[in-house]
Amino acid sequence: MIGKAKPKKHTTKEIQAKVDATTTNRGGGKAGIIDRTGQSKGGHANFECPLCKTTAPDIKTMQIHHESKHPKIPYDESKITNLHAILAPLVESKPRPGVRGSLKK
């Protein structure tokens, strides 16, 4: 008799990968909007493409993006917007709450 139709069991590695995928913040949804937009503490979105407004963490990544998405337009590094330079002064100008220890002695 050739094999029976036994259901395959999930391996420990596969289960751990599923647990990791569900519990780790990958930067999507409301949890990652600060990183994607470059607001409040700068986030990871440091540079913005002047053509499509896509954000990237560094100049090299922005250059790769530009070469793949806008191949007909020459790459000009001076046109790229630095979001940290624009948004960082706004964040620092906000009043911060005072930090106070416990009132118990």
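In what follows, residues are counted from 1 in the order of the sequence shown.
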Could you walk me through whether Lys18 and His10 pass the side chain to side chain contact (heavy atoms under 4.5 Å, CB included) test, one step at a time?
CA-CA 11 Å; Lys18 286 182 179 183; His10 295 285; 3.9 Å; yes

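Rounding to the nearest 0.5 Å places CG of Asp58 at 9.5 Å from NZ of Lys60. Between atom CD1 of residue Ile80 and atom NE2 of residue His66 there is a gap of 8.0 Å, rounded to the nearest 0.5 Å. Ile59 CD1 to Thr61 OG1: the interatomic distance, rounded to the nearest 0.5 Å, is 9.5 Å. Atom-to-atom distance recorded for Lys79:NZ and Ile73:CD1 is 8.5 Å, nearest 0.5 angstrom. Here NE2 of His70 is found 3.5 Å from NE2 of His65. Values are rounded to the nearest 0.5 Å.
The side-chain heavy atoms of Cys49 and Met62, taken from C-beta on, include a pair separated by under 4.5 Å.
Taking all atoms of both residues into account, the shortest heavy-atom contact from Pro50 to Lys53 is O-NZ, 4.0 Å.
When hydrophobic clusters are built by joining Ile, Leu, Val, Met, Phe, Trp and Tyr residues whose side-chain heavy atoms come closer than 4.5 Å, directly or via intermediates, Phe47 is grouped together with Tyr75.
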